[in-house]
Amino acid sequence: MSEANRQASRGVVARTLTLELARVTERAAVAAARLRGQGTEKDADQAAVDAMRRELNALPIDGTVVIGEGERDEAPMLFIGERLGSGQGPRVDLAVDPLEGTTLCAKDMPGAIAVMAMAEEGSLLAAPDVYMQKIAIGPGYPPGLVDLDASPADNIAALARAKGVDPSQITAIILDRPRHMDLVAAVRATGAGIRLISDGDIAGIIFTTSPEETGVDIYLGIGAAPEGVIAAGALRCIGGQMQGRLILDSHDKRARAERMGISEPNRKYELTDLARGDVIVAATGVTDGALLRGVRFKPGTIETETVVYRSSTGTVRRILGSRRRMERFED
C-alpha cells in the first residue's frame, strides 16, 4: 500500500468508521441479550456472530478477520481469514469477539460484552485461535516495569515499589481456572490480593488502567489469544503496558501458526507487536458489568451502552443508545 493510500485509509477509519463500529457491537449485543439466562451458550454466541457479520458486511471496508473464532473450516463462526465489508473501502484488519463471556450471558451473570477491534491492514497480530500468556498494567509506569518472564513475586514487588506501597496493597486480576492454581498461590505468597474472574479477560485487562476506580493493578495469567489482541488494542488507546506469548504446545498449533506467518513460536510480543497504528476498539454491554451496562429491553425501546476507544487520539467515547425502530433488531 502506498503512503498516500495508507494516509487515506487512516483518515477514513478515523472519521467514518468509529461510530459504525459502535453500531456493529450494539447489534451483536442485542442479539445475544435476547438469550440471556437461557443456558444456551452456543445459541447466544451464534446470534451475536450472525448479527456482527451482517453489520460488518454493510460497512464500506475491505476487511479481513485476523483474530476470530476459529479458522476457515469452523464456519459459521467469524473465522480467521474471512473477508467482510462491501470490498469498496479501505483495507483493514478485524479482531472480533461477538460474545465475550458466553457462559456469563447464558447464566445472566455480570460482564458479558460484544467487542471488536479494527485497524489498517497489517496492524493487528494475525494468530491462530489458541491460548496466550498475558501480563498487563495501566499507564504511568516506567517502560518495562513488569515482564512476562519474571516471577509473579518480582512483578508484584516491582509494581508495589513503583506505586510506593506495600505488596499487600496490590491487587491482581486472574481468570479462575485450574491452570492458574500455582500462579494464584505465588501471588498470594507475596501478600497481594487477587480478584478471580470466571470469564471476561478483555475487561480484566482494561480494569488495570484505572486502579483507583476498579481496585485492579495488574493482570496475570493465560487466556484466549483473540481477547489478548483486542485488549492490546484498547490499551493502545487508554495507555498501559502489556506482553503476550502464544501457547503453541502441540505440533498442530505450531503448524497452524507457521502457516499464518509466525516463525518464532516462543516469541514474547510487546503491546505494539499485538496492535499498532491507528486502532479503534468498540464494546457494548450484553449483561450488566463493571465496564458496561447490559442491554435494556423496554416497551417500545432497546437501550445499550457502548464504549469506543481510538488509539491515535487517546479518545474514549461512551455512547448511551436508545432505539425506537425495533425492526432494526428483528432480523
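Both backbone and side-chain heavy atoms feed into the values below; hydrogens, waters and symmetry mates do not.
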Open item on the list: Set out, in order, the CA-CA distance, both residues' side-chain angles and the distance that settles salt bridge (charged side-chain N to carboxylate O under 4.0 Å, His left out) for Asp273 and Arg267, then state yes or no.
Closed with: CA-CA 10 Å; Asp273 297 322; Arg267 179 177 174 179; 3.2 Å; yes

With a 4.0 Å cut-off, would you call [X] and [Y] a salt bridge?
X: Glu305; Y: Arg296; answer: no
X: Asp129; Y: Arg256; answer: no
X: Arg245; Y: Asp149; answer: yes
X: Arg23; Y: Glu26; answer: no
X: Glu303; Y: Arg293; answer: yes
X: Asp50; Y: Arg54; answer: no

Could you check whether any side-chain N or O of [X] sits under 3.5 Å from a backbone N or O of [Y], counting only pairs where one atom can act as donor and the other as acceptor?
X: Asp93; Y: Gly122; value: yes
X: Thr40; Y: Asp43; value: no
X: Glu100; Y: Glu227; value: no

Original post:
Would you say the side-chain atoms of Arg83 and Thr64 include a donor-acceptor pair closer than 3.5 Å?
Top reply: yes

Between Ser168 and Asp166, is there a side-chain donor-acceptor contact under 3.5 Å, judged purely by atom types and distance? yes

Which distance, rounded to the nearest 0.5 Å, do you find between the [atom1] of [X] and the [atom2] of [Y]?
X: Met118; Y: Asp278; atom1: CE; atom2: CG; value: 11.0 Å
X: Thr209; Y: Ile238; atom1: OG1; atom2: CD1; value: 4.5 Å
X: Asp199; Y: Ile113; atom1: CG; atom2: CD1; value: 11.0 Å
X: Met242; Y: Ile137; atom1: CE; atom2: CD1; value: 12.0 Å
X: Ile280; Y: Leu19; atom1: CD1; atom2: CG; value: 9.5 Å
X: Ile222; Y: Tyr131; atom1: CD1; atom2: OH; value: 9.0 Å

**Asked** Do the side chains of Leu56 and Ile230 join up, straight or via other hydrophobic residues, at under 4.5 Å, putting them in one cluster?
**Response** no

For Gly277 and Ser123 the tightest heavy-atom approach is CA-OG, 4.5 Å

Residues Ala282 and Ala22: closest non-hydrogen pair is CB-N, 4.1 Å

Greater than 12 external heavy atoms within 6.0 Å of Arg317's CZ
no

Within 45° of the six-membered ring axis of Tyr309 and under 6.0 Å from that ring's centre, is NZ or CZ of Arg236 located there? no

